[in-house]
K.L.:
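Just passing along the structure, written as structure tokens.
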2 protein chains.
Amino acid sequence: MNDLSSPLHSLKVTCSNCSLRELCLPVGLNRDEMAQLDAVIRQSRRFKRGEYLFRSGEGFRSLYAVRTGYFKTCVSSQDGREQVTGFHMSGELMGLDGISSNTHGCDAIALEDSEVCELPFSRMESLGRDIPSLQHHFFRLMSREIVRDQSVMLLLGNMKAEERLAAFLLNLSQRLASRGFAANDFILRMSREEIGSFLGLKLETVSRTLSKFQQQGWIRVDHKHIQLVRPEELKALVAGCSQANSAG
Amino acid sequence: MNDLSSPLHSLKVTCSNCSLRELCLPVGLNRDEMAQLDAVIRQSRRFKRGEYLFRSGEGFRSLYAVRTGYFKTCVSSQDGREQVTGFHMSGELMGLDGISSNTHGCDAIALEDSEVCELPFSRMESLGRDIPSLQHHFFRLMSREIVRDQSVMLLLGNMKAEERLAAFLLNLSQRLASRGFAANDFILRMSREEIGSFLGLKLETVSRTLSKFQQQGWIRVDHKHIQLVRPEELKALVAGCSQANSAG
DNA sequence: CGTGCTCTTGAGGAAGATCAAATCCCGTGG
DNA sequence: CCACGGGATTTGATCTTCCTCAAGAGCACG
């Protein structure tokens, strides 16, 4: 037990000693339950930037939690149009849409070199039967995804370009902050086109709007490097658009 | 047991004899499990047109399944803007977004006189532990909602007015057909404004687009009465926009 | 038979898309 | 180390779609 403190073993990350414990599966499990969880989860599959974690249409077996790095999920149409449905950072779960049809409903692609934990779903399901708080947590996670999707619908249905981009930046900022990173100084991992796809805008509009924010002194843009200088102005822009800050 | 065949008892609808069995909770339960389910579900609360089933911000206790009638769910912003997030017909579940925060995240409003079954969530949860197939079914239902939301995101992010409305009509048609109603001749239960809110369009655009479809001979519009004359033309419009037929 | 909705239709305007060109950056290979 | 090529980004000019404003029509209900 104590040998876990040895740096040599630090490669073997388990849920019980994972730094994302509180973000990812914060279920208040006891030591024994945590051990059961560790036994089920296959951790640390690595993906290089651009690699697919799964593809739409593939058989669904597992959920995936981001350990490090960054992913996007997107649905693409026959004629090549693609809609980014979300960006996913550490502690976030992907693949929930696959449960309903036993088939993944979207593509998940690494935006940078990344690492994920694999959660074989049927084993998680039976584990949930033994550990009520785990079962409940899974329901909560799926519900949270539904809430997130609804706020994206609000964004796409009601907001205009500036509001969308402001909401996007603030959401990113907040999620980074909750992971201990700087809230007002960060690197975008995705291209302007991917941001646009997510927000229902063209890449030129994203670029122009970022420039406009910069001209107004609200943000500083240096390619992928973004600084929020006056986040309160961005908030004012989104205010009145309900609680659409949970998008992502 | 046999006295259930008496018409006097037909008021007492249970899951086991509900005509929506296959749509709503088609879990392949045995007789005993079905009885447990019946014991938990409080059925047949009635709502008049315009009444709220629940409101955003209210405490979350239960999910609700539509038995008869029609509901909309919507999130509304401080400044009064409202985004309809879905229309719900018989057999469909509402309230899943409340699980994550123990608080309802949207309003649910009857679009006509309606009847719902109430599913106390915590009791469903523990029942799920005893009946694995029920637990699995709940996961599937939530996942299906996520898939639906994603296809709405695709619609709002990528499609133009005509495509959106065509997708909407086809989706309605398909859901009605799967309930045994005419696929190509139906009554809209919602206003143009509500359709517009759902599709991210203004009511005038909805009206204009319906008129355009009618001029082209693809549909017939008489106020709320819609007939799909050439549904294949509508399908052609949506084709290439991926499988966005699961919107609702 | 008004009154008040919802709906339709038209005209003009604005937001964002499209098309196009210049710039910048990064990784590659010499 | 530096030049090169391809992709990403910025910015400008124009165009399309949809929104906004406005007026009128149709229906529902008292």
K.L.:
Which whole-number value in Å describes the distance from A/M190 CE to D/dT9 P?
P.N.:
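After rounding, the gap between these two atoms is 11 Å.
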K.L.:
When the distance from CD of A/E193 to P of D/dG7 is rounded to whole Å, what number comes out?
P.N.:
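One finds 12 Å between P of D/dG7 and CD of A/E193, rounded.
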K.L.:
Separation of A/R192 atom CZ from D/dT11 atom P, in whole Å?
P.N.:
10 Å
K.L.:
Over all strands shown, is B/K224 touching base, sugar-phosphate only, or nothing at heavy-atom distances under 4.0 angstrom?
P.N.:
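Sugar-phosphate contact only.
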K.L.:
With respect to B/I146, which candidate in B/Q150, B/R148, B/M142, B/R144 satisfies the side-chain contact (heavy atoms from CB on, under 4.5 Å) definition?
P.N.:
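It is B/Q150; the other options fail the test.
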K.L.:
For residues B/G157 and A/L156, report the shortest heavy-atom separation together with the two atoms involved.
P.N.:
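Smallest heavy-atom distance, with atoms named: N-CD1, 4.2 Å.
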K.L.:
Quick one: CE on A/M190 to CZ on A/F198, what's the gap to the nearest 0.5 Å?
P.N.:
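Here the rounded value is 9.0 Å.
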K.L.:
Roughly how many Å is it from CG in B/L165 to P in C/dT8, rounded to a whole number?
P.N.:
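Checked: the CG to P distance equals 11 Å.
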K.L.:
Report, one pair per line, the protein and nucleotides 23-29 of chain C atoms (nitrogen or oxygen only) whose separation is under 3.5 Å.
P.N.:
none

K.L.:
In terms of ring plane angle, is the pair B/F87 and B/Y70 parallel, tilted or perpendicular, where the classes change at 30° and 60°?
P.N.:
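It falls in the tilted class, 30° to 60°.
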K.L.:
When the distance from CD1 of A/I195 to P of D/dA8 is rounded to whole Å, what number comes out?
P.N.:
13 Å
K.L.:
Rounding to an integer number of Å, can you tell me how far A/N158 CG sits from C/dA15 P?
P.N.:
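Taking CG of A/N158 and P of C/dA15, I get 16 Å after rounding.
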K.L.:
Could you tell me how far apart A/K212 (NZ) and D/dG12 (P) are, to the nearest whole angstrom?
P.N.:
12 Å
K.L.:
It should be established whether A/S211 places a side-chain nitrogen or oxygen under 4.0 Å from OP1 or OP2 of nucleotide D/dT11.
P.N.:
yes
K.L.:
Under 3.5 Å, which N/O atoms of the protein pair with N/O atoms of nucleotides 17-19 of chain D?
P.N.:
from: D/dC18; atom 1: OP1; to: B/A161; atom 2: N; distance (Å): 2.7
from: D/dC19; atom 1: OP1; to: B/K202; atom 2: N; distance (Å): 3.3
from: D/dC19; atom 1: OP2; to: B/K202; atom 2: N; distance (Å): 3.4
from: D/dC19; atom 1: OP2; to: B/T205; atom 2: OG1; distance (Å): 2.2

